[in-house]
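Remember, it's 1-based here, ligands and their atoms both numbered in the order they're listed.
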Amino acid sequence: MKTKLFINNTWSASSDKKSFDRKHPVSGEVVTQCANATVDDAVNAARAAQEAFKSWKAVGPSERRRLLLKVADVMESKTPEFIEVMAKEVGASALWAGFNVHLSANVFREAASLATQIQGETIPTDKPDTLSMTLRQPVGPILSIAPWNGTAVLAARAIAYPLVCGNTVVFKGSEFSPGTHALIAKCLQEAGLPAGVLNYLNSSPDRSPDIADALISSKEIRRINFTGSTRVGRIIAQKAAQHLKRCLLELGGKSPLIVLDDADIDAAVKAAVFGSFLFQGQICMSTERLVVDEKIADEFVAKFVEKTKKLSAGDPCVTGDCVIGPMVSSNSGDRINGLLKDAIDKGAKVVCGGMAEGAVMPATILDHVTADMQIYDEETFGPITVVIRCKGEADAIRIANDSVYGLSSGVFGRDVNRALRVGMAIEYGSVHINGSTVQNEAQAPYGGTKATGYGRFDGRAVIDEFTELKWLTIEPFEQQYPF
Ligand SMILES: NC(=O)c1ccc[n+]([C@@H]2O[C@H](COP(=O)([O-])OP(=O)(O)OC[C@H]3O[C@@H](n4cnc5c(N)ncnc54)[C@H](O)[C@@H]3O)[C@@H](O)[C@H]2O)c1
Ligand SMILES: O=S(=O)(O)c1ccc(CO)cc1
């Protein structure tokens with residue numbers, strides 16, 4: 001597959017005609033040849049977004065809603081194409097890819113529904129004969145940067161919410177999924193979005209820092225949203241701060257599932273298997289820590305291992321559908337093997353699975369993990385999870401909070417009041433009582449605390465993220481001033 005840049009409604013090669021390849025993580029075959037954007041291309045994209053903003057900001061809510069609803073329909077109609085390209089580029093199972101398209105269509109529909117909800121309020125004023133109110137106005141061109149893992153949905157949310165608020169977008173896709181991200185831009189084009197309202201760029205990793213610099217420092221780009229690693233998020237936040245531009249950061253996670261001593265163990269095991277291994281654990285809200293009360297830990301671990309061993313593994317491009325496909329790259333395997341070795345050396349026990357070979361790794365469970373091991377709080381982002389045994393409720397809370405991250409979490413316990421108490425005490429952006437850490441609904445706010453970043457996607461929170469709040473008064477000509 002060959003993909004181009006999409007700027008001002010035109011698909012084109014990069015200004016220096018260079019491209020880069022995305023290769024299949026296991027076979028090494030070239031899957032996508034992608035136009036490699038230059039700084040000049042980025043500047044052109046920002047200018048196109050600025051030009052388009054002049055008219056898009058004035059488009060009425062009904063028309064914005066109609067267009068976003070159309071995007072949702074177009075995306076759904078292309079589900080087979082998404083499944084094919086996501087399998088090749090990121091090793092996604094049909095389940096993960098299909099779920100992504102479903103979530104993406106929901107994001108566009110939810111965004112569409114917000115079109116008429118971008119409202120201000122009237123404010124009581126001490127001034128006679130005066131009307132005091134607030135308005136929410138579009139901000140301007142937004143830079144949206146997305147990763148490869150929730151390939152469709154994370155791009156969808158980075159595009160749909162800024163657009164419904166009347167902004168235009170420069171979308172910088174991931175070098176791991178250029179074909180999937182281009183397909184999203186095609187959906188918006190096919191739905192009939194005006195020229196320049198969405199612009200799509202991709203680049204090889206060596207070019208990304210300069211492109212990000214050029215865009216963040218440009219006078220056109222007004223706000224930034226970034227979904228990706230905490231390492232790169234920190235760089236983006238620093239650049240944004242230098243130019244005093246607000247950013248929304250959705251970064252790494254180490255989501256805990258707490259299993260209290262009165263938990264329904266079978267239910268907790270189902271949530272643990274799903275949350276740990278869907279898409280090879282490469283989901284920011286993947287269950288990376290099982291904090292299990294020592295009284296029930298042996299029974300929980302035995303059942304968890306038994307169910308995990310039954311997961312089908314393979315390459316969705318070769319074997320048809322399977323739950324555990326390859327990771328995004330062989331680097332992931334090397335990194336996780338290092339964490340695994342460190343933990344084993346310090347006393348952890350592999351109770352299921354084992355080392356990765358390149359990008360291929362079996363579903364792996366590591367028991368008896370303790371705070372001195374790197375894997376205790378380092379994001380693995382692969383098909384491996386750890387069991388940390390705790391001594392009661394207070395210890396579970398302490399361990400869950402002993403993390404630099406704060407994205408998603410779950411608490412299993414039959415005494416719902418106690419589980420709620422635990423849920424209220426842990427510092428995460430979302431807590432699911434008797435549910436998996438992996439959950440997302442477009443109508444609920446999504447984001448984290450601490451090194452997971454700040455700001456929220458989804459729900460009504462996006463209205464604040466992507467609008468300027470203005471105080472407006474209408475006053476009588478005749479007024480008393482002190483001098
Ligand atoms: N909190 C969330 O909602 C959420 C969702 C999905 C993934 N994530 C996190 O994302 C990470 C995995 O994604 P990834 O490997 O693609 O992350 P990444 O940080 O390497 O890349 C994310 C994006 O940033 C771009 N990028 C990389 N270096 C850059 C630079 N110097 N300047 C500008 N752009 C740059 C990439 O091309 C990509 O588009 C994990 O840590 C995961 O937890 C978070
Ligand atoms: O599975 S992920 O790609 O990490 C993911 C993250 C966030 C959301 C919420 O929009 C959906 C999927």
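- Ranking protein heavy atoms by distance to atom 37 (O) of ligand 1, first place goes to E175 OE1, 2.5 Å.
- For atom 16 (O) of ligand 1, the nearest non-hydrogen atom from the set F171, F381, F176, W148 comes from W148.
- No side-chain donor from either of S409 and T437 sits under 3.5 Å from a side-chain acceptor of the other.
- Atom 14 (P) of ligand 1 is flagged as protein-proximal [any protein heavy atom, distance under 4.0 Å].
- Of all atoms in ligand 1, numbered sequentially from 1 with element shown, those under 4.0 Å from a heavy atom of A212 are 32 (N), 33 (C).
- A side chain to side chain contact (heavy atoms under 4.5 Å, CB included) with Y376 is found for one member of D402, V386, T370 and no other, namely D402.
- At a heavy-atom cutoff of 4.0 Å, ligand 1 is contacted by the side chain of F226 but not by its backbone.
- Within a 6.0 Å sphere centred on CD of E357, heavy atoms belonging to other residues, nucleotides or ligands number 12 at most.
- Between the R223 side chain and the I142 main chain, no donor and acceptor come within less than 3.5 Å of each other.
- Numbered from 1 in the order shown, with element, the atoms of ligand 1 that lie under 4.0 Å from a heavy atom of L154 read 5 (C), 6 (C).
- Counting heavy atoms closer than 4.0 Å to ligand 1, residue E379 contributes side-chain atoms (C-beta onward) but none from N, CA, C or O.
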*Could you walk me through whether W148 and Q282 pass the side-chain hydrogen bond (donor to acceptor under 3.5 Å, both in side chains) check?*
CA-CA 10 Å; W148 52 269; Q282 300 171 121; over 6 Å; no
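- Checking S203 against S208 by side-chain atom types alone, a donor-acceptor pair falls below 3.5 Å.
- S14 and D16 are linked by a side-chain donor-acceptor pair at a separation below 3.5 angstrom, with hydrogens and angles left out of the test.
- Shown in contact with Y446 at under 4.0 Å from a heavy atom are these atoms of ligand 1, numbered in order with element: 3 (O).
- The aromatic rings of W96 and F99 sit tilted, their planes meeting at an angle between 30° and 60°.
- Atoms of ligand 1 lying under 4.0 Å from any heavy atom of L407, numbered from 1 in the order shown and given with element: 1 (N).
- For I211, no heavy-atom contact with ligand 1 is shorter than 4.0 Å.
- Only the backbone of A146 comes within 4.0 Å of ligand 1, judged by heavy-atom distances.
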*Evaluate side chain to side chain contact (heavy atoms under 4.5 Å, CB included) for V273 paired with F304, printing each intermediate quantity in order.*
CA-CA 7 Å; V273 175; F304 186 27; 3.6 Å; yes
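- Per-residue contacts place T227 under 4.0 angstrom from the following atoms of ligand 1 (heavy atoms of the residue considered): 2 (C), 3 (O), 4 (C), 5 (C), 6 (C), 22 (C), 44 (C).
- The heavy atom nearest to atom 2 (C) of ligand 1, out of those in G228, C284, G253, is found in C284.
- Those atoms of ligand 1 that come under 4.0 Å of a heavy atom in N149, given as number and element, are 6 (C), 7 (C).
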*Begin with the C-alpha distance, continue with both residues' side-chain angles, and end with the deciding distance and a verdict on ring pair (Phe, Tyr, Trp, His ring centres under 6.0 Å) for F466 and Y161.*
CA-CA 7 Å; F466 297 114; Y161 297 125; 7.3 Å; no
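- No salt bridge links K186 with E190; every basic N to acidic carboxylate O contact stays at or beyond 4.0 Å.
- Of the N and O atoms on the side chains of S15 and D40, not one donor lies less than 3.5 Å from an acceptor on the other residue.
- Proximity of I283 to ligand 1 is not established, as no heavy-atom distance is less than 4.0 Å.
- Protein residues having a heavy atom under 4.0 Å from any atom of ligand 2 are W96, N149, G150, V153, L154, R157, I283, C284, M285, N440, Y446, D458, listed by chain and number.
- A heavy-atom separation below 4.0 Å is not found between G150 and ligand 1.
- Of all protein heavy atoms, the one closest to atom 31 (N) of ligand 1 is P209 CG, 3.6 Å.
- Checked by atom type, the side-chain pair R234/S229 shows no donor-acceptor distance below 3.5 Å.
- The protein atom (non-hydrogen) at minimum distance from atom 17 (O) of ligand 1 is S229 N, 3.4 Å.
- Judged by distance alone, the side chains of T385 and T287 never bring a donor and an acceptor atom under 3.5 Å apart.
- In terms of protein heavy atoms, atom 34 (N) of ligand 1 is closest to S208 CB, 4.0 Å.
- Per-residue contacts place R157 under 4.0 angstrom from the following atoms of ligand 1 (heavy atoms of the residue considered): 2 (C), 3 (O).
- For G173, the closest heavy-atom approach to ligand 1 falls below 4.0 Å.
- For F457, there are no ring pair (Phe, Tyr, Trp, His ring centres under 6.0 Å) partners, not counting sequence neighbours.
- Between E288 and ligand 1 there is no heavy-atom distance shorter than 4.0 Å.
- Side chain to side chain, D458 and N440 meet the donor-acceptor criterion of an N or O pair below 3.5 Å.
- For the 3.5 Å distance criterion, the side chains of T467 and R136 qualify, holding a donor opposite an acceptor.
- Per-residue contacts place V232 under 4.0 angstrom from the following atoms of ligand 1 (heavy atoms of the residue considered): 19 (O), 26 (N), 27 (C), 28 (N), 29 (C), 30 (C), 35 (C).
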